[in-house]
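Notes to accompany the following structure.
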Amino acid sequence: MATLTVPDQLPPVPEDCDRLHSAFQGWGTDEGAIISILAHRNAKQRSLIRQTYAETYGEDLLKALDKELSSDFERAVLLWTLHPAERDALLANEAIRKLTPKHFVILEIACTRTPRDLFLVKEEYHARFKRSIEEDVAHHTTGDFRRLLVPLVTAYRYDGPAVNAALATSEAKILHEKISEKAYNDEELIRIISTRSKAQLNATFNHYNDQFGTAINKDLKTDPDNDYLKFLRAAVKCLTWPEKYFEKVLRLAIKGLGTDEEALTRVVVTRAEVDMKRIVEEYYRRNSVPLDQAIKGDTSGDYERMLLALISNDNA
């Protein structure tokens with residue numbers, strides 16, 4: 001359900017590299033050429049372009065882009081050009097190191113990536129920062145956020161479709177008991193959320209709804225101003241309905257005065273190769289406005305064109 005479009009007939013990689021190098025020459029930068037190439041190559045192709053560019057011109061493509069571009073457009077292109085595991089490791093480290101850690105960015109990475117993808121992110125984090133993501137999350141968070149986040153980033157969930165119906169019934173009961181007791185940080189609740197497969201959690205949450213007559217996230221809204229409960233609801237949504245979670249991130253990034261370009265960029269570049277079509281559909285269902293129109297109304301210039309290219313609407 002990706003929105004990334006790659007031409008059926010691709011030019012040889014050296015030709016892409018030559019066009020990119022030419023785009024950096026002279027008084028100005030050919031931003032259109034950069035978008036037309038990089039916004040229409042998948043992760044494997046972009047990695048090959050980076051490798052070939054470095055071998056041909058003796059410079060990392062990311063450094064060349066960094067010298068030529070600026071502002072939100074630069075960040076979108078640089079993040080997009082990175083391998084997904086590199087990108088997530090960088091985003092996680094940025095989020096952790098902020099004065100007030102951005103817990104939701106870590107949550108997205110921990111809960112919406114596949115177990116294998118999360119493993120690769122952790123490997124990349126080791127290589128780049130000489131620490132584990134687990135130790136950094138533990139060091140920079142406190143209280144209930146730490147209790148939930150550390151197990152989430154540590155997990156290596158089963159990723160298959162098999163479901164244990166009896167287990168789903170019994171664990172739905174455990175979740176209901178803990179939520180009824182307002183024991184939102186209980187170790188059993190956290191164990192279930194942080195270790196069970198996404199298929200198993202879907203079954204458990206369905207049993208919860210069937211047995212107790214309400215969705216689990218509705219029961220977690222007893223205190224709308226509780227930041228930890230907001231975080232717990234987001235974890236449930238990321239694990240089971242990621243398109244709904246990301247639609248809300250985009251809606252909040254775009255609506256109102258000003259634009260949260262950091263959130264807008266993050267969602268588009270991390271989901272364009274994954275499930276952006278579902279997010280686009282959910283955005284329209286929720287807002288009655290196409291996402292490309294919303295982006296066009298809130299951004300401009302090369303940054304707008306880059307985002308629109310990644311959601312398959314270069315001509316929006």
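FYI, side chains are in, hydrogens and waters are out, and symmetry mates aren't considered; it's all heavy atoms of this structure.
The shortest distance between side-chain heavy atoms of Y125 and I96 falls below 4.5 Å. Within the 4.5 Å cutoff, side-chain heavy atoms of L82 are placed close to those of L79. The side-chain heavy atoms of V274 and T112, taken from C-beta on, include no pair separated by under 4.5 Å. Between E247 and N287 the shortest side-chain heavy-atom distance falls below 4.5 Å. In this structure the side chain of M276 reaches within 4.5 angstrom of the side chain of I279, judged on heavy atoms. A heavy-atom distance below 4.5 Å is not found between the side chains of D227 and H103. Using a 4.5 Å cut-off on side-chain heavy atoms (C-beta onward), D60 and Y53 make no contact. The shortest distance between side-chain heavy atoms of D117 and D88 does not fall below 4.5 Å.
R286 meets the side chain to side chain donor-acceptor pair (under 3.5 Å) test with no other residue; sequence neighbours excluded. Evaluation of the salt bridge (Lys or Arg N to Asp or Glu O under 4.0 Å) rule for E134 yields K122 as partners, not counting sequence neighbours. When the side chain to side chain donor-acceptor pair (under 3.5 Å) test is applied to K67, the partners found at least two apart in sequence or on another chain are E59. With sequence neighbours left out, S194 forms a side chain to side chain donor-acceptor pair (under 3.5 Å) with no residue at all. For the salt bridge (Lys or Arg N to Asp or Glu O under 4.0 Å) test, residues two or more places apart in sequence or in another chain that qualify with D302 are R305. Take R116 and apply the side chain to side chain donor-acceptor pair (under 3.5 Å) test, not counting sequence neighbours, and it matches no residue. Taking V267 as the reference, F246, V249, L250, R271 meet the side-chain contact (heavy atoms from CB on, under 4.5 Å) condition, with sequence neighbours excluded.
N185 and I190 make their closest contact through O-CD1, 3.6 Å (heavy atoms, listed as atom of the first residue, atom of the second, distance). Across all their heavy atoms, V105 and L91 have their closest contact at CG1-O, 4.0 Å. Contact detail for I174 and R191: the closest heavy-atom pair is CD1-NH2, 4.4 Å. What you find for V153 and I106 is that their closest heavy atoms are CG1-CG2, 3.7 Å. In terms of heavy atoms, T214 sits closest to Y208 at O-CD2, 3.3 Å. Scanning both residues, A199 and P161, for their nearest heavy atoms gives CB-O, 4.0 Å.
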- Step by step, would you call R285 with E282 a salt bridge (charged side-chain N to carboxylate O under 4.0 Å, His left out)? CA-CA 5 Å; R285 187 194 70 79; E282 180 64 20; 2.7 Å; yes
- Task: Could you please spell out the steps behind the side-chain contact (heavy atoms from CB on, under 4.5 Å) verdict for I109 and T270?
- Result: CA-CA 10 Å; I109 294 167; T270 60; over 6 Å; no
- Query: Would Y303 and L264 count as a side-chain contact (heavy atoms from CB on, under 4.5 Å) if you check the C-alpha gap in whole Å, the side-chain angles of each, and the deciding distance to 0.1 Å?
  - Reply: CA-CA 11 Å; Y303 176 55; L264 176 58; 3.8 Å; yes
- Task: Before giving the answer on side-chain contact (heavy atoms from CB on, under 4.5 Å), spell out for Y283 and I254 the whole-Å C-alpha distance, their side-chain angles and the decisive distance to 0.1 Å.
- Result: CA-CA 12 Å; Y283 190 92; I254 292 170; 4.0 Å; yes
- Derivation of the ring pair (Phe, Tyr, Trp, His ring centres under 6.0 Å) call for F145 and F231: CA-CA 8 Å; F145 290 99; F231 193 65; 5.2 Å; yes
- May I have the step-by-step check of side-chain contact (heavy atoms from CB on, under 4.5 Å) for W80 and T265, ending in yes or no? CA-CA 9 Å; W80 174 249; T265 299; over 6 Å; no
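Residue pairs meeting the salt bridge (charged side-chain N to carboxylate O under 4.0 Å, His left out) criterion with at least one member in residues 71-87, sequence neighbours excluded, are R50-E86, R75-E94, E86-R128. Listed by first and then second residue, the side chain to side chain donor-acceptor pair (under 3.5 Å) pairs that reach into residues 233-245 are E108-Y245, sequence neighbours excluded. Applying the salt bridge (charged side-chain N to carboxylate O under 4.0 Å, His left out) definition to pairs two or more places apart or across chains, those involving residues 192-203 are E171-R196. Applying the salt bridge (charged side-chain N to carboxylate O under 4.0 Å, His left out) rule to pairs touching residues 8-25 yields D16-R41, sequence neighbours excluded. Residues in residues 141-168 take part in these salt bridge (charged side-chain N to carboxylate O under 4.0 Å, His left out) pairs, two or more places apart or across chains: D144-R147.
Panel note: side chain K182, backbone I179; no donor-acceptor pair is recorded below 3.5 Å.
In this structure, T195 OG1 and Q200 CD are separated by 9.5 Å, a value rounded to the nearest 0.5 Å. Note: H40 NE2 to T5 OG1 = 4.5 Å, rounded to the nearest 0.5 Å. With rounding to the nearest 0.5 Å, the separation of CZ in R46 from OG1 in T81 is 6.5 Å. Taken from CD in E273 to CG in L310, the straight-line distance is 8.5 Å, to the nearest 0.5 Å. For the atom pair CG (L78) and CG (L90), the distance works out to 9.5 Å, reported to the nearest 0.5 Å.
With hydrophobic clusters built from ILVMFWY side chains whose heavy atoms lie under 4.5 angstrom apart, I216 does not share a cluster with V163. Note on V6: it clusters hydrophobically with L308, by side-chain heavy-atom contacts below 4.5 Å among ILVMFWY residues. Connection of F104 to L152 is established within a shared hydrophobic cluster, with ILVMFWY side chains joined at heavy-atom distances below 4.5 Å, either directly or through further cluster members. L61 and L48 fall within the same hydrophobic cluster, where Ile, Leu, Val, Met, Phe, Trp and Tyr residues are linked whenever their side-chain heavy atoms come under 4.5 Å apart, directly or through other members. Cluster membership for V280 and L252, using ILVMFWY side-chain heavy atoms within less than 4.5 angstrom, is not shared.
The environment of K230 atom NZ is dense: over 12 non-hydrogen atoms of other residues, nucleotides or ligands sit within 6.0 angstrom. Surrounding NE2 of H126 are more than 12 heavy atoms belonging to other residues, nucleotides or ligands, all under 6.0 Å away. Residue Y158 places its OH atom among more than 12 non-hydrogen atoms of other residues, nucleotides or ligands, all under 6.0 Å distant. Residue Y284 qualifies as open at atom OH: its count of foreign heavy atoms under 6.0 Å is 12 or below.
For the residue pair Y184 and N226, no side-chain donor N or O sits within less than 3.5 Å of a side-chain acceptor on the partner.
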